[in-house]
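Written below as structure tokens is the structure these notes are about.
The sequence lines fix the lettering, A, B, ..., with proteins before strands; numbering per chain opens at 1.
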Amino acid sequence: MSAQVLPESFYDRDVVEVARALLGMRLVHRLDGQRVSGIILETEAYRGEADLACHARAGRTPRTTVMYGPPGRAYIYFTYGMHWLLNCVCQPEGFPAAVLLRAVAPLEGQEQMQARRAGQPPHLWSNGPGKLCQAFGITGALNGCSLSDPTGELFIEAGQPVPENMVKTMPRVGISSVPEPWLSMPWRFVAQSD
DNA sequence: AGCACGATTAACT
DNA sequence: GTTAATCGTGCTC
């Protein structure tokens with residue numbers, strides 16, 4: 001019984017819907033022939049050039065090109081001079097939108113995570129967008145790769161969907177200089193732990 | 001060519 | 001609660 005990898009069509013719809021639907025799914029990175037994986041617990045949606053919090057607000061640039069491509073690809077970028085952040089490209093090709101993966105619960109390959117998150121306790125390995133990329137060994141080398149290819153290095157498998165009463169919705173974080181209404185859009189989704 | 005700032009994190013007071 | 005670390009990106013000159 002092998003887990004089902006989410007197909008491109010999963011991502012080919014409104015990015016806010018996808019951000020909600022990704023909760024409970026499983027992020028997998030094949031690293032040194034070993035699976036490093038975790039259950040997605042927190043996401044944020046970034047939608048189109050009109051969304052002033054979205055990188056695509058500046059239009060199509062070298063960095064944002066991947067977001068304009070087909071759904072189901074990884075959009076990975078570098079920020080604050082030291083952190084990689086992982087997104088899933090959504091909606092039809094030509095419309096720039098992506099879901100930022102903000103937190104996952106460690107599952108497989110915990111020795112790998114421990115090694116990459118030197119000295120930190122397990123609950124702090126992947127509870128942030130920069131932290132999860134570090135724990136999983138994800139870098140810009142994977143930018144643009146398909147997340148729907150089961151033979152690829154990085155993909156997302158179907159998991160246990162999170163029921164509605166276990167999902168909290170709130171404004172996105174880290175975008176404090178963005179004007180309304182974008183600042184308050186409830187496009188951040190968090191799965192409750194209990 | 002130069003500059004301000006960022007979808008963050010960890011280590012402070 | 002505050003702040004340094006650190007550099008690619010996009011904007012201005």
Item to check | Pairing annotation in dot-bracket form, given for DNA chain C with Watson-Crick or G-U pairs under 3.5 Å and | for cross-strand partners | outcome: |||||.||||||.
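Partners of A:Pro7 under the side chain to side chain contact (heavy atoms under 4.5 Å, CB included) rule, at least two apart in sequence or in another chain, are A:Ser9, A:Phe10. Taking the side chain to side chain contact (heavy atoms under 4.5 Å, CB included) definition, one finds that A:Ala53 meets it with A:Tyr46, A:Asp51, A:Arg172, A:Ile175, A:Val178, sequence neighbours left out. Listed by chain and number, the residues in a side chain to side chain contact (heavy atoms under 4.5 Å, CB included) with A:Pro163 are A:Asn165, A:Met166 (sequence neighbours excluded). Listed by chain and residue number, A:Glu49, A:Ala56, A:Met67, A:Tyr68 satisfy the side chain to side chain contact (heavy atoms under 4.5 Å, CB included) test with A:Pro96 (two or more places apart in sequence, or in another chain). Remark: A:Arg188 pairs with A:Glu42 by the side-chain hydrogen bond (donor to acceptor under 3.5 Å, both in side chains) rule, at least two apart or across chains.
Applying the side-chain hydrogen bond (donor to acceptor under 3.5 Å, both in side chains) test to every pair with at least one member in residues 73-94 of chain A, sequence neighbours left out, gives these pairs: A:His55-A:Tyr75. For residues 132-147 of chain A, every residue pair satisfying the side-chain hydrogen bond (donor to acceptor under 3.5 Å, both in side chains) rule, not counting sequence neighbours, is listed here: A:Arg117-A:Gln134.
No donor-acceptor pair closer than 3.5 Å links the side chain of A:Arg20 to the backbone N or O of A:Glu17.
Scanning DNA chain C 5' to 3' for nucleotides with an atom closer than 4.0 angstrom to a non-hydrogen atom of chain A gives a first and last hit of C:dA5 to C:dC11.
Rounded to whole Å, the P atom of C:dG1 lies 22 Å from the corresponding atom of B:dA7.
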Mind listing the side-chain donor-acceptor pairs of residues 29-36 of chain A below 3.5 Å, one per line with the distance, residues two or more places apart or on another chain?
| unit_1 | atom_1 | unit_2 | atom_2 | d |
| --- | --- | --- | --- | --- |
| A:His29 | ND1 | A:Phe136 | O | 2.6 |
| A:His29 | NE2 | A:Glu153 | OE2 | 2.9 |
| A:Arg30 | NH1 | A:Pro150 | O | 3.2 |
| A:Arg30 | NH1 | A:Gly152 | O | 2.7 |
| A:Arg30 | NH2 | A:Pro150 | O | 3.0 |
| A:Gln34 | OE1 | A:Gln112 | NE2 | 3.1 |
| A:Gln34 | NE2 | A:Glu111 | OE1 | 2.8 |
| A:Arg35 | NE | A:Glu108 | OE1 | 3.2 |
| A:Arg35 | NE | A:Glu108 | OE2 | 3.1 |
| A:Arg35 | NH1 | A:Glu157 | OE2 | 3.1 |
| A:Arg35 | NH2 | A:Glu108 | OE1 | 3.1 |
| A:Arg35 | NH2 | A:Glu157 | OE1 | 3.2 |
| A:Arg35 | NH2 | A:Glu157 | OE2 | 3.3 |

Item to check | B/S/- contact track for nucleotides 1-13 of chain B, protein heavy atom under 4.0 Å | outcome: -----BBBSS---
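Hydrophobic cluster membership for A:Met170: A:Val190 (Ile, Leu, Val, Met, Phe, Trp, Tyr linked by side-chain heavy atoms under 4.5 Å, directly or transitively).
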